[in-house]
Amino acid sequence: MRLLLQETRALTMRSVKRLSRERISMIFGLIQPMLFWLILFGNLFQKTAQIPGFQAPDYITFLTAGVVVMTVLNSGLSGGVDLLFDKESGFLERLLSAPINRNSLIYSRFIFVMGITSVQILVILLAAFLLFGVYPHSGLVGLAFIMLVGLLFGLGLIAISLTLAFAIKGHGNFFALMGFLTLPLIFLSTALVPIQAMPGWMAFLAGFNPMTYAIEAVRELIIGGWHWGHLLKVLVVLLAFDAVSIGLSSRVFHRQVG
Amino acid sequence: MKAIEIHNLKKTFGEKNVVENLTLDVEKGEVFGLLGPNGAGKTTTIRTILTLLKPTEGQVTVWGHDVVTQPRDVRQVLGYVPQEKAVDRFLTGREHLILVADLYHLTRPEAKKRIEDVLALVDLSQKADELVNHYSGGMKKKLDIACGMIPNPKILVLDEPTLGLDVESRIRIWDYIRRLQKSGLTILMTTNYLDEADQLCDRIAILDRGRLAAMGSPESLKKGLGGDRVTVRFGPGRNRLEELSDALKKELAFVNGIKLSPADHEMEIRVASNEEAISPLIQKIHQHGHLILAIQYSRPTLEDVFITYTGHKIKEDSALL
């Protein structure tokens with residue numbers, strides 16, 4: 001156990017050090033969701049708030065939840081990228097030739113990516129408050145639950161990303177698949193429009209998208225409603241999503257590295 | 001107990017046999033070289049020893065530990081220097097070493113001392129806190145070796161340690177390898193440079209298409225070819241070299257064998273390793289009334305060994321260069 005902690009800490013610190021030296025990519029990673037989604041998209045689609053059945057006071061308030069979860073989606077799905085590059089550069093081989101518990105490779109990724117994701121969520125919420133006056137009406141407890149929902153969704157995504165990083169040959173293919181997955185997941189969710197405004201078949205598919213659940217819960221917490229029953233249901237759905245993706249991931253991982 | 005024992009190793013990827021019936025031992029304290037062109041099965045053999053691949057058949061033990069049933073014990077005694085670029089360009093040299101030290105579970109004080117030692121060993125102390133991004137190829141390789149030495153291994157495994165390096169760096173790396181051997185380390189390395197194997201290795205195994213083609217010290221393998229080679233060229237016209245060849249074999253004790261060129265104006269004579277053979281050889285040829293146009297004396301190289309055992313040169317495909 002002590003050994004596992006030492007390994008995991010060392011591997012996590014490596015990612016932290018890398019990040020601190022890639023300042024440009026860190027800054028753009030933080031600014032991109034705010035600039036693109038909140039400011040541009042939010043203003044462009046303000047009229048969406050006039051759709052019948054729209055519950056939020058305005059579109060920005062509505063969209064904030066979507067932007068939070070989309071950021072979780074992006075960070076989570078790129079959680080396996082570093083591992084992919086380690087695999088290609090041979091660095092992974094160096095790590096695997098050491099007498100480490102194989103799981104420390106995975107744990108360190110989870111810890112690092114979830115840490116980054118937490119910071120991103122907080123920064124987005126802060127920006128939404130400073131720029132548009134949007135804040136979680138459910139208070140600090142609500143903020144804690146927003147983080148929890150985000151991280152539970154992120155957990156499963158990281159597992160999927162790690163699985164693909166191990167299963168797929170070449171980073172070209174990996175990024176192509178990621179690009180292919182991301183947009184449908186966003187459009188088949190309630191990130192940008194409420195479910196009432198979707199064509200029937202899209203609304204139907206959105207019901208199977210774990211992202212929809214995460215967004216709905218975050219949105220309620222931002223607008224200010226406490227719907228404990230719904231929140232609990234969302235947490236169960238996300239836990240199931242995590243269990244499936246982690247189960248899959250661990251099978252692929254252990255087949256690859258023993 | 002040997003450092004490494006490989007018994008009947010076979011590794012198959014899909015339909016393809018990459019390594020077949022490989023049996024060899026590495027003695028403690030020796031520098032052992034796996035020599036062969038790309039695709040010969042060197043890297044697969046190394047990866048099996050490192051527990052990164054499971055053998056399809058056969059048994060591999062490292063320092064008495066089985067690679068399949070006791071992989072962690074095996075990893076604990078091995079230091080590994082991968083083929084190339086296995087460095088993270090956003091970390092400094094020292095950060096690499098700290099990471100590796102943690103992965104081998106050194107305590108803080110142990111790690112600190114060990115890191116200073118290996119940095120001094122590869123002359124990187126001055127550059128330890130610079131990002132690897134700014135390192136030259138030779139410096140990256142030095143860092144690779146330093147990482148491999150962090151766990152204070154019993155056996156250091158180097159995969160193509162000087163591939164793509166400039167001459168100066170190569171010679172320096174060779175020097176480190178010799179120093180490490182002197183300190184009692186067992187070293188297993190792969191290479192497709194014949195001069196490197198000749199310079200460094202106590203024993204080599206020549207691998208070709210997944211099979212062991214020959215094994216022994218570079219000296220014994222070269223001697224096994226039948227001695228030094230004297231190539232004599234004669235003028236044009238009918239030389240009746242067969243008669244001469246028979247005569248030389250009969251009359252000179254040090255002649256081990258003779259090969260004639262089809263064009264009847266060149267003969268290749270294997271002589272017991274001794275340059276003094278030249279003078280009596282020339283005399284004898286003159287006595288038989290032949291006129292020598294040119295004569296060349298050469299010691300056998302590992303290249304000759306390689307060609308003899310595999311039937312081809314080591315670098316036939318230009319991709320290796």
Side-chain angles (χ1 to χ4, degrees), chain A residues 1-27 29 78 81-109 111-112 116 166 169 171 253-258, chain B residues 43 46-54 62 65 67-92 94-108 111 131-133 140 143-144 147-148 150-151 153 155-157 159-160:
Chain A
M1 188 61 195
R2 193 178 56 78
L3 303 183
L4 180 66
L5 278 178
Q6 187 180 10
E7 295 156 7
T8 308
R9 195 199 58 228
L11 291 167
T12 311
M13 282 314 290
R14 172 188 169 218
S15 303
V16 173
K17 290 207 181 93
R18 278 181 67 106
L19 183 75
S20 69
R21 286 173 192 144
E22 291 177 290
R23 295 227 176 82
I24 293 179
S25 91
M26 180 169 70
I27 290 166
S78 37
V81 171
D82 285 357
L83 203 63
L84 189 72
F85 282 120
D86 277 354
K87 192 172 92 173
E88 287 179 4
S89 75
F91 201 84
L92 183 64
E93 204 139 284
R94 177 193 291 301
L95 302 179
L96 289 175
S97 69
I100 56 171
N101 184 328
R102 272 41 188 143
N103 290 323
S104 61
L105 289 169
I106 298 295
Y107 296 155
S108 64
R109 287 314 299 163
I111 292 168
F112 175 71
I116 296 290
F166 269 104
K169 277 213 164 73
H171 63 268
F253 178 67
H254 286 287
R255 197 165 51 212
Q256 294 273 337
V257 305
Chain B
T43 301
I46 290 257
R47 288 173 54 90
T48 310
I49 291 169
L50 288 164
T51 74
L52 298 175
L53 287 175
K54 285 203 171 78
V62 178
H65 307 293
V67 294
V68 178
T69 57
Q70 303 160 287
R72 265 179 111 142
D73 296 320
V74 170
R75 287 176 206 135
Q76 196 73 54
V77 299
L78 290 174
Y80 176 40
V81 181
Q83 201 171 90
E84 49 179 339
K85 279 193 301 185
V87 288
D88 184 334
R89 63 203 173 95
F90 290 110
L91 296 184
T92 66
R94 191 185 305 278
E95 284 164 354
H96 274 87
L97 298 172
I98 294 174
L99 173 65
V100 174
D102 273 324
L103 297 183
Y104 283 86
H105 313 118
L106 270 61
T107 63
R108 268 294 134 83
L131 284 189
V132 167
N133 216 3
K140 284 181 189 160
L143 178 61
D144 266 335
C147 286
I150 280 283
I155 306 169
L156 187 65
V157 180
D159 196 3
E160 303 282 357

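Each chain gets a letter, A, B and so on, in the order its sequence line appears, and its residues count up from 1.
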Distance col, row A:Phe91:CZ vs B:His96:NE2, nearest 0.5 angstrom, shows 4.5 Å
Applying a strict 4.5 Å limit to non-hydrogen atoms, the region of B:Arg89 in contact with chain A is neither
Nearest heavy-atom approach of A:Ala98 to B:Leu103 is CB-CB, 3.9 Å
Separation between OG (A:Ser104) and CG (B:Asp102), nearest 0.5 Å, reads 11.0 Å
Honestly, the part of A:Leu19 sitting under 4.5 Å from a heavy atom of chain B is neither
Quick check: does any side chain N or O of A:Gln6 sit under 3.5 Å from a backbone N or O of B:Leu106, one acting as donor and the other as acceptor? yes
Residues A:Arg94 and B:Gly148: closest non-hydrogen pair is NH1-N, 4.5 Å
One should read off an interatomic distance between A:Leu92 CG and B:Leu52 CG, to the nearest 0.5 angstrom, of 8.5 Å
*Applying side chain to side chain contact (heavy atoms under 4.5 Å, CB included), run through B:Glu95 and A:Met13 and close with a yes or a no.*
CA-CA 10 Å; B:Glu95 284 164 354; A:Met13 282 314 290; over 6 Å; no
(request) Inspect the surroundings of CZ in A:Phe85 and state if more than 12 heavy atoms from other residues, nucleotides or ligands are less than 6.0 Å away. (result) yes
Comparing B:Cys147, B:Gly79, B:Pro151 against chain A, the one with the most heavy-atom pairs below 4.5 Å turns out to be B:Cys147
Apply side chain to side chain contact (heavy atoms under 4.5 Å, CB included) to the pair B:Tyr80 and A:Glu93, showing each step before the final yes or no. CA-CA 9 Å; B:Tyr80 176 40; A:Glu93 204 139 284; 3.2 Å; yes
Under 4.5 Å to a heavy atom of chain B? For A:Asn101 that would be both
Nearest heavy-atom approach of A:Pro99 to B:Gln76 is CG-OE1, 3.3 Å
Under 4.5 Å to a heavy atom of chain A? For B:Leu131 that would be side chain
Result for side-chain contact (heavy atoms from CB on, under 4.5 Å) between B:Phe90 and one of A:Lys17, A:Arg21, A:Arg14 points to A:Arg21
Would A:Ile100 and B:Arg75 count as a side chain to side chain contact (heavy atoms under 4.5 Å, CB included) here? Give the steps. CA-CA 9 Å; A:Ile100 56 171; B:Arg75 287 176 206 135; over 6 Å; no
Side-chain heavy atoms of B:Thr51 within contact of A:Leu96, under 4.5 Å
no
Cut-off 4.5 Å, heavy atoms of chain A, and the answer for B:Val100 is side chain
When the 4.5 angstrom heavy-atom criterion is applied to A:Arg9 and chain B, the contacting part is side chain
